[in-house]
Amino acid sequence: MNPLRSRAEKIFKSLRATYPHVKTQLHFKNPFELLVATILSAQCTDKQVNIVTGTLFQRLKTPKDFSQVPLDTLEALIRPTGYFRNKAKSIKNCATALLEKYDGRVPDTLEEMVALPGVGRKTANVVLGAAFGVPGIVVDTHVARISQRMGFTENKDPVKIEFDLMEILPESKWSDFSLLLIYLGREFCTARKPDCPRCPVNRHCPWPEKTPLKK
DNA sequence: CTCCCGATAT
DNA sequence: ATATCAGGAG
């Protein structure tokens with residue numbers, strides 16, 4: 001009955017056909033590495049994150065390693081990802097908190113995750129979904145932009161968008177849908193120059209008609 | 001709301 | 001030159 005749900009289902013099916021095996025593009029070997037990589041991914045491409053973590057994880061492996069490394073050393077190691085001072089602090093404080101509160105393990109609930117320093121809902125849902133199989137909508141810049149263009153939400157606040165999307169999709173599809181939208185955002189529905197004619201779901205999207213000839 | 005910030009595409 | 005990239009904290 002809900003037209004939004006119906007459209008969301010169709011878009012999900014089309015995207016799934018286009019991208020059969022959805023998976024995070026971030027390289028990691030365990031939940032902790034994924035957590036670090038996701039913190040580094042703020043306002044940075046996953047490609048750049050993978051370059052940095054490739055060498056980073058050779059040098060530092062455990063939460064203990066990260067909690068003990070000098071801050072300026074960590075800053076130098078992650079500098080190419082941008083926001084390197086904030087991220088270095090977040091990662092180091094986060095590693096310390098994991099040691100103190102969870103004996104070095106990464107927790108598997110949203111409340112525990114977002115209580116960690118430098119971890120918000122986006123980062124938490126990425127790790128929960130990919131490392132623990134816990135359902136969650138990941139609202140990053142791509143998901144926010146595409147959700148607005150597709151008319152899934154009128155909101156700009158990421159938390160409101162997250163709840164709007166949770167309402168129009170079954171829980172079992174939250175994680176995959178997030179990843180599918182991110183793939184779409186990278187290849188077609190880009191921020192600056194969206195390639196609507198080639199978009200695999202343009203027939204289900206109201207946005208192309210809205211921007212006919214933007215000079 | 002502002003600040004943090006390097007790398008890349010346009 | 002400028003917009004944008006798997007955001008979060010104060």
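None of these values were measured; they are calculated from a predicted model. Labels below follow one simple rule: chain letters A, B, ... track the order of the sequence lines, proteins then strands, and each chain is numbered from 1.
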Undergrad: Identify, with sequence neighbours excluded, every residue that meets side-chain hydrogen bond (donor to acceptor under 3.5 Å, both in side chains) alongside A:Asp65.
TA: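 side-chain hydrogen bond (donor to acceptor under 3.5 Å, both in side chains) list for A:Asp65, sorted by chain: A:Thr62.
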
Undergrad: Using the test side-chain hydrogen bond (donor to acceptor under 3.5 Å, both in side chains), find all partners of A:Thr190 that sit at least two apart in sequence or belong to another chain.
TA: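 So A:Thr190 forms no side-chain hydrogen bond (donor to acceptor under 3.5 Å, both in side chains) with any residue.
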
Undergrad: Restricting to salt bridge (charged side-chain N to carboxylate O under 4.0 Å, His left out), what partner residues turn up for A:Arg16, sequence neighbours left out?
TA: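 If we apply the salt bridge (charged side-chain N to carboxylate O under 4.0 Å, His left out) test to A:Arg16, skipping adjacent residues, the hits are A:Asp176.
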
Undergrad: Kindly state which residues belonging to residues 157-176 of chain A come within less than 4.0 angstrom of DNA chain C, counting heavy atoms of the residue only, listed by number.
TA: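 By residue number: none to list.
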
Undergrad: How would you summarise protein contacts on nucleotides 3-10 of chain C per nucleotide, using B for base, S for sugar-phosphate only and - for none, with heavy-atom distances below 4.0 Å?
TA: BSBBBSS-

Undergrad: Quick one: which residue pairs count as a salt bridge (charged side-chain N to carboxylate O under 4.0 Å, His left out) with a foot in residues 31-58 of chain A, not counting sequence neighbours?
TA: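 Residue pairs passing salt bridge (charged side-chain N to carboxylate O under 4.0 Å, His left out), neighbours aside: A:Lys29-A:Glu33, A:Asp46-A:Arg186.
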
Undergrad: For A:Lys173, which residues count as a salt bridge (charged side-chain N to carboxylate O under 4.0 Å, His left out) partner, sequence neighbours excluded?
TA: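 Once residues adjacent in sequence are excluded, the partners of A:Lys173 under the salt bridge (charged side-chain N to carboxylate O under 4.0 Å, His left out) criterion are A:Glu9.
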
Undergrad: Without placing hydrogens or testing angles, list every side-chain donor-acceptor pair under 3.5 Å for residues 92-106 of chain A, not counting sequence neighbours.
TA:
| residue | atom | partner | partner atom | Å |
| --- | --- | --- | --- | --- |
| A:Lys92 | NZ | A:Val69 | O | 2.8 |
| A:Asn93 | ND2 | A:Lys89 | O | 3.2 |
| A:Thr96 | OG1 | A:Lys92 | O | 2.9 |

Undergrad: Keeping to residues at least two apart or across chains, list the salt bridge (charged side-chain N to carboxylate O under 4.0 Å, His left out) pairs with something in residues 127-144 of chain A.
TA: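 Counting only pairs at least two positions apart or across chains, no salt bridge (charged side-chain N to carboxylate O under 4.0 Å, His left out) contact touches residues 127-144 of chain A.
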
Undergrad: With sequence neighbours left out, write down each residue that passes salt bridge (charged side-chain N to carboxylate O under 4.0 Å, His left out) with A:Arg145, or none if nothing qualifies.
TA: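 Checked A:Arg145 against salt bridge (charged side-chain N to carboxylate O under 4.0 Å, His left out); zero matches.
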
Undergrad: For A:Arg121, enumerate each residue passing the side-chain hydrogen bond (donor to acceptor under 3.5 Å, both in side chains) test, keeping only those at least two apart in sequence or located in another chain.
TA: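 Residues passing side-chain hydrogen bond (donor to acceptor under 3.5 Å, both in side chains) with A:Arg121: A:Glu162.
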
Undergrad: Could you tell me from which nucleotide to which nucleotide of DNA chain B, 5' to 3', there is an atom under 4.0 Å from chain A heavy atoms?
TA: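 Both ends considered, the range comes out as B:dC4 to B:dT10.
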
Undergrad: Write down the atom of A:Asn50, the atom of A:His27, and the distance for their closest heavy-atom approach.
TA: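 Looks like OD1-N, 2.8 Å.
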
Undergrad: What distance, rounded to whole Å, do you find between the two P atoms, one in B:dC4 and one in C:dA6?
TA: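 Between the two P atoms, the distance is 22 Å.
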
